[in-house]
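Structure record follows, encoded as structure tokens.
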Amino acid sequence: MKLKVPFVLGLVALGALCIPLAVLPHAFDGYRLPKDLLLRGEAIVIVAVVLGALVLGAARFEGQSTANERPWSADRRLLLLPLAAFAWMIITTLASTNRGVSLRALATGAATLIVFAATVAVARVPRFLLVAIPLVAAVINGLLTIVEETGLWMPFGLDPSVPHHQQCTALIGNPNELGSYLAAAALACLAAAAAYEAHRKLLGLAAAVLVAALVASQTLTAMTAFLAAVLAMLALVSWRRAVAGTLIAALLTVVVVVLVPPLRRRASNIERWVRKGHYNAVLTNRLTPFVAASMMAADHPLTGAGPGTFGWNYLPYKVRAEQRYPSLRHAYNRETSFGEVHSDHLQVLAESGVPGTMLFLAVLASLAGISFRKGSGTVTREGRFALLLALPLAVLWLVLSIAQFPLETAAVRMLLVHFAALCVAWRAS
Amino acid sequence: MRRAIQLLLLLILAAGTVVALRVFVYLPLVCEWRATGALYALENAGEKDERTKLEAARFALGSLSECATIPATDFKVPYELATAYRYRHEPRPAIALYKEALALDRRPEIYFGLGMAQLDAGERAAAIETFTEATAFAPTVLADIPYDEVRAEVAQRIRATYGADWIR
């Protein structure tokens, strides 16, 4: 009886499709919480299915792989780093300034790791479905973004007290998170279009929708990260193409900024703020959480303040930051309770210390390294997909983490983790 | 015999999975929905008469009682239950629940509610301390403190600790 793989494949596919689309309309936290809970549910059921397969003796282990499956030993090295990161999460939870809050973050980390491992496991038999399913959800979100930004339809109504753009969040819930999500999806779509000749037209169309939606989201960091990742992808193919791509990207950036009024306004504002020395405004008034996170890291350099505790620690550290740097008291969002730093690099440093940061960077580096592992013999479509996507995905994740928080939101994190898992599973041996 | 043990283990596993999904997925979703309704009811009643506040409190306590028994996903449920008890002039349970909310998230509105409950309970010194915490983070909270002498004392503490220009 072979129970494990079919059920787990279905769960992984269902999770990849449903998590980015899960919403609880008109609830206070109608976007993030349903996605987090769906991830939890997926992980619980995956564990139950695996345990059930073990009880029935239907689980297969190393050495029992079928002909077209990769053995687990080949993936072990690449799985060790995420495991080490999770082990560090356990240690930092024990040392946390608020163990209760950190336990919740640890549960989320465990769910993420379970889904990552399950995705690697089911992808050992290469399937286009695993690429297509998350892109279907992404295109739905992309189309919704375009429809909302153009004012054609607002599915959840329009609140006159909130700026229109702030309400254009598709099913993700926040324009910044939406930008990060679309950037990751567009990148994976481009890699898939290059790798899967049979589906190139459809994937090309999907990529066009996702890139248009990304521009419509007006998320500067996400667009910058996407550009950097695309250039990294071009560099994998040819350095000359990368240089030409850089020049074209610079020209396109100028054209897009000039032609799209909100981006033009933003560029003009940034130029004015830099001239006047209003650096906090340039950083969209996020200097206070940046300083607070730095202070947390300085107070807890080894184990950090604890996973998930930035928001809980923000109140006292924000007051300290304003005492040390009086100019922060003039921020227009002075009384906002920041739950995230808005920089995953700083958040990981503040919550997990220097070792946590090094593990995070090591995970990204090992992902990037997949693009440089060329095996002997013909590269399959899946192998080509992994080669083309791994380094750019790592670059995207690295740049996004400068001023966004992909690790903190299920939609973005799980999309990145899903495609990272495919890169691990499909890399050339 | 082996089959019977396997069946028993599978039944236990299935039951455990259903319980885990109910406690960690289904109920938190339901409670988020209920907490949203309770939050709007309590916020709308905030500036209204006593009767409206008691109605809102009754609604919140009724809809959130089950939610208090599952692991909280965030501060909302204990905070709203605390506010409901405060509207019913039951400061002791309100104080306990506000402190429970603060263990999950430290926000000025939670400190403000705690300060109000501490005043209701006659704990003036503790209330001043709590209002000072809230105002240090969000200076505009000072204007919401209803008692002139309490407000003046908090303002004085803020200026002494953080400087005259902390409250603009």
Side-chain angles (χ1 to χ4, degrees), chain A residues 3 22 24-34 36-58 98-101 103-104 107-108 111 288 308-309 311-320 322-323 326 329-330 333-339, chain B residues 2-3 5-10 12-14 16-40 71-76 80 100 102-111 133-141 161-163 165-168:
Chain A
L3 283 174
L24 194 63
H26 308 296
F28 190 82
D29 184 359
Y31 293 95
R32 282 196 199 172
L33 184 69
D36 281 331
L37 294 178
L38 206 60
L39 169 66
R40 265 193 216 174
E42 183 186 352
I44 289 170
V45 178
I46 286 173
V47 168
V49 164
V50 170
L51 289 176
L54 285 169
V55 164
L56 289 168
N98 186 329
R99 221 172 271 175
V101 168
L103 276 170
R104 283 203 334 261
T108 301
T288 309
T309 60
W312 185 77
N313 278 301
Y314 183 64
L315 188 139
Y317 277 92
K318 178 252 190 192
V319 171
R320 277 176 53 185
E322 287 184 356
Q323 280 183 290
R329 300 174 205 175
H330 303 293
N333 55 359
R334 184 185 184 191
E335 300 189 2
T336 301
S337 296
F338 278 88
Chain B
R2 187 164 164 255
R3 277 283 174 217
I5 293 171
Q6 279 179 333
L7 195 61
L8 182 65
L9 285 172
L10 281 177
I12 293 169
L13 184 62
T17 305
V18 168
V19 168
L21 286 173
R22 180 179 158 77
V23 171
F24 296 112
V25 181
Y26 173 70
L27 282 179
L29 262 177
V30 167
C31 289
E32 177 64 26
W33 182 259
R34 290 181 188 171
T36 303
L39 183 69
Y40 289 142
T73 52
D74 63 12
F75 72 98
K76 285 198 296 295
E80 290 167 20
E100 201 179 302
L102 284 172
L104 295 166
D105 199 353
R106 288 188 280 196
R107 290 168 169 256
E109 57 265 39
I110 305 174
Y111 278 107
E133 290 262 18
T135 311
F137 182 90
T140 55
V141 162
T161 312
Y162 303 107
D165 63 340
W166 193 267
I167 305 168
R168 299 153 105 244

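Nothing here was measured: the structure is a model prediction, and the numbers come from that model. First the proteins, then the strands, lettered A, B, ... as listed; each starts at 1.
At a 4.5 Å heavy-atom cutoff, the contact between A:R334 and chain B is made by backbone and side-chain atoms alike. Using a 4.5 Å cut-off between heavy atoms, B:L13 contacts chain A through its side chain alone, with no backbone atom that close. Heavy atoms closer than 4.5 Å to chain A are found in the side chain of B:L39, but not in its backbone. With a 4.5 angstrom heavy-atom cutoff, B:A35 does not touch chain A via any of its atoms. A:T336 touches chain B through its backbone: at least one of N, CA, C or O sits under 4.5 Å from a heavy atom, while the side chain does not. Of the atoms belonging to A:N313, heavy atoms from both backbone and side chain fall under 4.5 Å from chain B. Only the side chain of A:V101 comes within contact range of chain B, judged by heavy atoms closer than 4.5 Å. Within the 4.5 angstrom heavy-atom criterion, no atom of B:L7 approaches chain A. Of the two parts of B:P139, the backbone and the side chain both hold a non-hydrogen atom closer than 4.5 Å to a non-hydrogen atom of chain A. Heavy-atom distances place the side chain of A:L33, and not its backbone, under 4.5 Å from chain B. Interface residue A:D29: backbone and side-chain heavy atoms are both found under 4.5 Å from chain B.
Your options are A:P316, A:G30, A:P326, and the one with the most heavy-atom pairs under 4.5 Å with chain B is A:P316. Residue with the most contacts toward chain A among B:F137, B:F24, B:Y111, B:Y26: B:F137 (heavy-atom pairs, distance under 4.5 Å).
Side-chain N or O atoms of A:R329 include one that pairs as donor or acceptor with a backbone N or O of A:E322 at under 3.5 Å. No donor-acceptor pair under 3.5 Å is formed between the side chain of A:R40 and the backbone N or O of B:V25.
The heavy-atom pair separating B:P108 from B:V141 by the smallest distance is CB-CG2, 4.3 Å.
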